[in-house]
Each structure stands twice: as C-alpha cells, then as structure tokens.
Trainee: 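A single structure is presented below for examination.
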Amino acid sequence: MNKNIAVFLAVLAAGCSGTGGRFDPDVVDKRDSGTAANPVVQETHVPPMDPKRKVSEQDCSKPVDTSGGNLMCREVTAAERRAELEEEERQAKARKEAQELAARERKEAEERAARERLERERAAQAALAAAALAARNAELERLAAERRRLEEEAARKAREERERQEKAEADARARLLAAQEAREAAERECRRLEQERNEGRAMLESFVATYGKVAEFKEPAGQIAAFLGKARKAKPCAPAS
C-alpha cells in the first residue's frame, strides 16, 4: 500500500513540475495568451490575489476541507507520508489503547459495582440475620422471664399453701392441746372434789365411830350416820384421754 501511494505521489509531482502537464507554467502561458480562438483573455485584466487572503494548504491526495480558505495543494514527500502513516498508526494505536483502557476500566467498574452490590447484599443479609437473632434472643429471654415468673408464682402459692396448712395444723394441735388440758384440768378438779368428799366422809365416819356413843354427840352422830347411809349421787370422773 505504501508503494502504491509513493507511485501516485511521484506521478502527481511530475504533473505539477513543468513536464507538459496542465499546471506547467509554459502550458499555462500558452493557454492564457491571446489567440484568435481565445480573444477574451487578451481583453480581460485579471487582478492580483489579495495577499492577506486565507490560504489552506492541504494534501490534495486526501479528502480536502473547503471551508478553510483558498485551497492550495502541496506536494507530500515520502518521508512526510511515512510520518503521517506513522502518526495515523500511532493515533490508531492510541485510540485502541484508549478503547482497551476504557473497556478495562468499565469492566473494573462493573466488577467493583458487582462486588459492592454483593457486599451490600451480604451486609443486608447479615443485618437481617442479626435482627432475627436479636428478636429470637429477646423472645427466648421473654419466655424465660415468663417461665421464671410462673415458677416464682407457683413457689409463692405453694409456700403460702404450706404455711396455711402448717398454721391450720398448728391451730388444730393447739385446739387439741387446749382440749386435752381442759379435760385434764377437769379430771384433776373432779379427782380433787372426790378426794375432798371421801376425806369428809372419812372424817364423818371417824367422828361417828369415835364420838357416837358419847351422850353429848349422839344426836349429831345419828344425823351424820343417817347422812352417810344415803346413796351417793356423785358421778365418776371422766378420764382425760
């Protein structure tokens, strides 16, 4: 390809360098000289170009830009062509490297975004798991507290029931003891009264036996004997037990 371009440039230079081409000065002079076939040229004066005009010097072997002023084609040497090709290759390589760098950065950005998204998802899942664990622990603690409360309530009720039963048993024992003591006291009183009665009868019997024959005590001794001869109505003492 470079060889073809060099040949084309050599032909173009030959056409522009006075070898009989359309741009050769001799050809131009003959073409623009006055002739019978071209009388207008003799009569028309062409003014010189403005030296301040904008001239766009370009390589006409390539697409030209017509918006930059008066076009002036220039000859491009093989060295310039090689330099341009090298510059184009360098720019193409730079564009390729830039595209590869952009693609690599885009891929890295996508991978980084994917990692960050995965980390956010993992963090969200960890937060949900932590919240679920905290809720579960809170529920277990609540159930444990409720179980402790029920156990304490049951223990309190059992303690109160035991204390009530113990008090009832103590009261019952106290009543039984009081009743037993009352029966024993009644029995002792009954025994004491019976003993007093027996001792009194014994004293009366002894008086009658001792003084019943004395004239002075015959009358009371007879009354005492009559009293002692009556049937006794005293009830026997009930046992305490």
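No experiment lies behind these values; they were computed from the predicted model shown. All residue numbers refer to positions in the sequence shown, counting from 1. Below, all heavy atoms of this structure are taken into account, side chains as well, without hydrogens, waters or symmetry copies.
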Trainee: Quick one: pull up NZ in Lys96 and CD in Glu89 and give me the separation to the nearest 0.5 Å.
Mentor: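 One finds 12.0 Å between NZ of Lys96 and CD of Glu89.
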Trainee: In the single-linkage hydrophobic clustering (I, L, V, M, F, W, Y; side-chain heavy atoms under 4.5 Å), do Leu228 and Leu193 co-cluster?
Mentor: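 Leu228 and Leu193: separate clusters.
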Trainee: Once rounded to the nearest 0.5 Å, what's the spacing between atom CD of Glu111 and atom CG of Leu118?
Mentor: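 It comes to 13.0 Å.
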Trainee: Could you tell me the separation between the CD atom of Glu84 and the CD atom of Gln91, rounded to the nearest 0.5 Å?
Mentor: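 Reported value, rounded in 0.5 Å steps: 10.5 Å.
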Trainee: With rounding to the nearest 0.5 angstrom, report the NZ to CD distance, Lys107 to Glu110.
Mentor: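 So the gap between those two atoms works out to 9.5 Å.
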Trainee: Quick check on Arg156: does its CZ atom have over 12 non-hydrogen neighbours (other residues, nucleotides or ligands) under 6.0 Å away?
Mentor: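 It does: Arg156 CZ has more than 12 such atoms within range.
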Trainee: Is it true that Glu152 and Arg149 make a salt bridge, defined as a side-chain N closer than 4.0 Å to a carboxylate O?
Mentor: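 The answer is no: the pair does not qualify as a salt bridge.
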Trainee: Taking NZ, NE, NH1 and NH2 as the nitrogens, is one of them in Lys167 or Asp171 under 4.0 Å from a carboxylate oxygen of the other?
Mentor: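 Result for this pair is yes, salt bridge flagged.
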Trainee: Side-chain donor-acceptor pair under 3.5 Å between Gln195 and Arg192, yes or no?
Mentor: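 Judged by distance alone, the side chains do not pair up.
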Trainee: Going through the distances and angles, do Arg148 and Glu151 end up as a salt bridge (Lys or Arg N to Asp or Glu O under 4.0 Å)?
Mentor: CA-CA 5 Å; Arg148 288 193 300 270; Glu151 290 175 353; over 6 Å; no
Trainee: Is the closest basic N to carboxylate O distance between Glu194 and Arg197 below 4.0 Å?
Mentor: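 The answer is no: the pair does not qualify as a salt bridge.
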Trainee: What distance do Arg188 atom CZ and Glu181 atom CD have between them, rounded to the nearest 0.5 Å?
Mentor: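 These two atoms lie 8.5 Å from each other.
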Trainee: If hydrophobic clusters are built from ILVMFWY residues whose side chains come within less than 4.5 Å, do Val214 and Val208 share one?
Mentor: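 Yes: a chain of side-chain contacts under 4.5 Å links Val214 to Val208.
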Trainee: Is atom CD of Glu199 surrounded by more than 12 heavy atoms (other residues, nucleotides or ligands) closer than 6.0 Å?
Mentor: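 For Glu199, atom CD is crowded (more than 12 foreign heavy atoms under 6.0 Å).
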Trainee: Quick one: pull up CG in Leu143 and CD in Glu146 and give me the separation to the nearest 0.5 Å.
Mentor: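 The distance works out to 8.0 Å.
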Trainee: Using every non-hydrogen atom in the two residues, find where Ala221 and Gly212 come nearest and quote the distance to one decimal.
Mentor: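 In this case the closest contact between Ala221 and Gly212 is CB-CA, 3.5 Å.
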Trainee: Would you say that Glu119 contacts Arg122 through its side chain, given a criterion of any heavy-atom pair below 4.5 Å between the two side chains?
Mentor: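 They are not in contact (no side-chain heavy atoms under 4.5 Å apart), so the answer is no.
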Trainee: Where is the tightest heavy-atom contact between Phe217 and Tyr211, given as atom of each residue plus distance?
Mentor: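 The answer is CB-O, 3.2 Å.
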Trainee: Residues two or more places apart in sequence or in another chain: which of them pass salt bridge (Lys or Arg N to Asp or Glu O under 4.0 Å) with Glu116?
Mentor: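 Counting only residues at least two positions away or on another chain, Glu116 forms no salt bridge (Lys or Arg N to Asp or Glu O under 4.0 Å).
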Trainee: Hey, is Arg164 close enough to Glu161 for a salt bridge, meaning N to O under 4.0 Å?
Mentor: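 Glu161 and Arg164: salt-bridged.
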Trainee: Has Glu160 got more than 12 heavy atoms of other residues, nucleotides or ligands less than 6.0 Å from its CD?
Mentor: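 Result for CD/Glu160: enclosed.
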Trainee: Please list all pairs passing the disulfide bond (SG atoms under 2.5 Å apart) test where one or both residues lie in residues 119-216, with sequence neighbours left out.
Mentor: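 Sorted result for residues 119-216: Cys190-Cys237.
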Trainee: Using 4.0 Å as the upper bound for N to carboxylate O, is an ion pair formed by Glu187 and Arg191?
Mentor: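 Salt bridge between Arg191 and Glu187, a charged N being under 4.0 Å from a carboxylate O: yes.
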Trainee: Please tell me whether Met203 and Ile224 are part of a single hydrophobic cluster in this structure, the criterion being side-chain heavy atoms less than 4.5 Å apart.
Mentor: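 Different hydrophobic clusters.
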Trainee: Are the side chains of Arg90 and Lys93 in contact, using a 4.5 Å heavy-atom criterion?
Mentor: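 The answer is no, as the side chains (C-beta and beyond) never meet within the 4.5 Å cut-off.
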Trainee: Give a yes or no on whether a salt bridge exists between Glu100 and Arg104, defined as a side-chain N under 4.0 angstrom from a carboxylate O.
Mentor: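 Not counted as a salt bridge, because no side-chain N and carboxylate O are separated by less than 4.0 Å.
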